[in-house]
Each structure stands twice: as C-alpha cells, then as structure tokens.
Number of protein chains: 2
Amino acid sequence: MAREMLRQGGRSARIQEAVHRTVQELLKRVDRSEITVPMIAEKAGVTPSTIYRRWGDLSELLADVAVARMRPIADPEDTGAMASDLETFMVQYAEEMSSKVGRAMMSDVLASTEGEAAARCCQYTYHHLETLRERAAARGETPFDINEAVDLVVAPIVYHILFRDREPTPDYCRSLVGRFLGSRAEFSRLV
Amino acid sequence: MAREMLRQGGRSARIQEAVHRTVQELLKRVDRSEITVPMIAEKAGVTPSTIYRRWGDLSELLADVAVARMRPIADPEDTGAMASDLETFMVQYAEEMSSKVGRAMMSDVLASTEGEAAARCCQYTYHHLETLRERAAARGETPFDINEAVDLVVAPIVYHILFRDREPTPDYCRSLVGRFLGSRAEFSRLV
DNA sequence: CACCTTAACGCAATTTTTTAGCGTTAGGCG
DNA sequence: CGCCTAACGCTAAAAAATTGCGTTAAGGTG
C-alpha cells in the first residue's frame, strides 16, 4: 500500500507515477479480473519484482491507485446556500461512485487488508463535508452536524452502490438531503 | 459464485460441503492473505483443479462461503414490541458484522465480481426486516417502512464497519433505531 | 563538489499457483 | 439395469509470485 517512502524523489517517484498511470489506463480498457502484475509491469516498463516488493500484491496496488484517484483536487462547488451545496455535492458523489470505475475504486479500497485505505478515503469525504459546513457557518446559516450527514446521506448512498439493491438517482440523493435537513428543522421545532 | 448446480446431490454436494467447511476452519486459524486454493484443496481432500473449475478463483469461493454463512438460520428474536425488536436485531447485526469474521465476510462478498453475492446477502437483511415489519403489523403497531429502515439504520452501521471511522456500539445502534422511529413519529405529528 | 551509505531497482533462478487436456467416476433418468 | 454426461482426478504446461544478488542512483556529509 505504498508505505511512506524514505526516498520521495527521482527514480522512485517516476516509477510510482508510471505504474499508477498504467493501472488507470488498464482499468479503462480491460476487465479487472484480467489485470495481472506482470501485465502492469510490462506496460509501465518496470520489473514485476519491483511492484511486488513495493506494493506487496495486486490488490494493495489497486487500492493505492484508487485512493490516489479519490484524493480531492478541488473543493465542492459553491452554490450559495447550504441545502443546494449539499445536494450538488452528494448528487455528484453518487454519480462518480456508482459509475463503473467508481464502483471499482470502492471495491479496491475496501479489499485492502489493513483497512487504512478505507479510512483515508473516508477522510476525504469528511473533509469535503467540513468545507460545506464551514461555508454554511460563514453565511450565517446554522451549520449541520457532519456525523449526522454521513449517517443520513452518505451512508445510504454508499450502501446502495455496494449492495446494488437500489440506484442512487439524483432525485433519491436530493430526498436524502431533504430528509436530513428536514429532520434538523423538526427537531429544533420540538425543543 | 457456485453457479446453480445441475447435480445437487451425492459427490458434488459432499465436495462443496468439505470445501466450505475447510475454508471456514482456515479463516479462523490463518490470516486471509495466507490462504491459497491449493491449501484449501489439500485440507479438504480434493484437487485444486476441482476448486478452480467450480468456483473460478479464490475470491469467488470466499464470497460463496461468506454468503452461505450469512444465510439466516432463524428469525430474529421476538421481544414483544417493534422498537425493541429492531433494537435487538440491529445491535446483534452490528456485533456480528463488526467482528473480525464479520468484516471478512463483508469484504469477501463485496469483492465478488458479479456483485450477485452482495445482492443476495442484502436480501437476507431485507427478509429479516420484513419479518419484523409483519410481526409489528400483526401486533397492531403501525409497521415501519423497510427502505427507510435500511437508509436510516442498516446503512450507517455498515458504512462505519467498512470504513472504520466509527465503532458501531450497541448504544449507537439504539440511537439510530431511536432516530428512525422518532422521525416517523414526528412526521405523523406534522401531517 | 566528490564521496559514502543504502534504499530501491533490475535480472534471473526457483517456487508456487493457475490453466488445460484427457481419461475416469458417479448422479440422474428413461 | 444401462445410458448419458456433469463433475471429478490426474498430469503436464503456462503463468505468476518469491527470493537472492549485483547494480543504480537518492540524499546526506565532509
């Protein structure tokens, strides 16, 4: 799973770059069950033993690549209000994760033995929600609770993607956000 | 994935039984990354080629075993009331799934390529919830909606188990059930 | 800047796993 | 009882994973 490298520059970095890029390209073309370490090694121009020594096995490499792909490159879009911010973000999240590559990424991340990859990609989601929460607070809106957002919105989406028992349509995602924010309103009305 | 066997009895069934049992025993002793097909074959007294032909590869076999283990053997406990029924069931569910073997089962199920295993083990949960729902209706209680129960209670538990961002303690599970039933009460109060 | 240390790599031999052909065994059915 | 063939065992060949050892090149030091 790409332990923290003692040497971060030069050849080592170039190889990581080449291998990651090769894996991503392969994931687009061939089915994941067809992908092998020697195949990746050849296309990336490295020796298989290098991959084995550095990542351990194929599943760890795939998990590493998946986490790298999930690393956020930008903050979620600012739509001007908390509700629409959450809706847009979650709809987009569901779209990305329910796609073929998204599903593959989640699968790879969860297959990683240590579970460290899962925790990290979970942090990415928390970070985005935190951004939205602070943005709402800065606007003067009463900010939402992040743990509750995960329980009421993120978790259902992820569950249905993983277990394939329901399609996470945009409408469904918006209804989740609606229920989430609605439950807060009703709660505050009752106390 | 153990395609529906054309021959269900006799030798074929004995081999499936032996292989399944061997896998379960191995999962208790050795780490999953150590388990190999030849290892299972030897302990089960069959040839590796039999396993490869029947299950495809190791991950499919593990998924098949996991689904078989998750197959319900009994209905959830009847505690006399819908709320306590749900609480007991979900607390027990969280305990089983967050254990080491439970996590391994979920991981194996989700790693299965076709996702057919995931859908099936998802059906088991739905079936149990359906039992609780009918039981509640028979008592005269207003039955809960199963999809909402999945979204509000099951999904968060599963999410936290998979991503290891939170421990699904009994108290936490009960609070999920409480919020779920509470949201229904508040909703009906507002209409 | 030249040198030293050693992490990380390439190569190749070995081991293990996976695949595939082919004959054999034993369910299930007429 | 006897036929048909799904499913198995065995074996050989192919592919993948592991390991030892020499080589390359980061990154630090005098």
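Everything numeric in this text was worked out from a predicted model, so none of it was measured. Every heavy atom of this structure was used, including side-chain atoms; hydrogens, water molecules and symmetry mates were not. The sequence lines fix the lettering, A, B, ..., with proteins before strands; numbering per chain opens at 1.
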- Look at B/T50 and D/dC8 and indicate whether a side-chain polar atom (N or O) is within less than 4.0 Å of OP1 or OP2. no
- Item | Any pair counted as side chain to side chain donor-acceptor pair (under 3.5 Å), so long as it reaches residues 134-147 of chain A, sequence neighbours left out | A/D78-A/R139, A/D85-A/R135, A/D85-A/R139, A/R139-A/E141
- Query: Given side chains that start at C-beta, do those of B/V150 and A/H160 come closer than 4.5 Å, heavy atoms only?
  - Reply: yes
- For the residue pair B/R54 and B/D64, establish whether any side-chain heavy-atom pair is separated by less than 4.5 Å. no
- Item | Atom-pair distance (CG on A/L61; P on D/dA16), nearest Å | 15 Å
- Select one nucleotide: of C/dG27, C/dG10, C/dA8, the one nearest the side-chain heavy atoms of B/R14. C/dG27
- Look at A/E148 together with B/R179 and state whether they make a salt bridge at an N to O cut-off of under 4.0 Å. yes
- Side-chain heavy atoms of B/T88 within contact of B/P76, under 4.5 Å: no
- Write down the distance between CH2 (B/W55) and P (C/dT19), rounded to a whole number of angstrom. 15 Å
- Message: In whole Å, I'd like the distance from the CD1 atom of B/I15 to the C1' atom of D/dG9.
- Response: 9 Å
Could you list all N or O pairs between the protein and nucleotides 19-24 of chain D that sit under 3.5 Å apart?
{"from": "D/dG20", "atom 1": "O6", "to": "A/R53", "atom 2": "NH2", "distance (Å)": "2.9"}
{"from": "D/dT24", "atom 1": "O2", "to": "A/R11", "atom 2": "NH2", "distance (Å)": "3.1"}

- Item | A/E130/A/R133 ion pair, N-O < 4.0 Å | yes
- Query: Under 4.5 Å between any side-chain heavy atoms of A/T125 and B/F163, yes or no?
  - Reply: no
- note: B/D57, atom CG; D/dA15, atom P; distance rounded to Å ~ 18 Å
- Query: Under 4.5 Å between any side-chain heavy atoms of A/V158 and A/Y93, yes or no?
  - Reply: yes
- A/R184 side chain vs A/P143 backbone, donor-acceptor pair below 3.5 Å: yes
- Looking at C/dC9, D/dC8, C/dC11, which one has an atom nearest to any side-chain atom of A/S12? C/dC9
- Check the distance between C/dT16's P and B/L58's CG and give it to me in whole angstrom. 17 Å
- Interface with DNA chain D, restricted to residues 30-44 of chain B and to heavy atoms under 4.0 Å: none
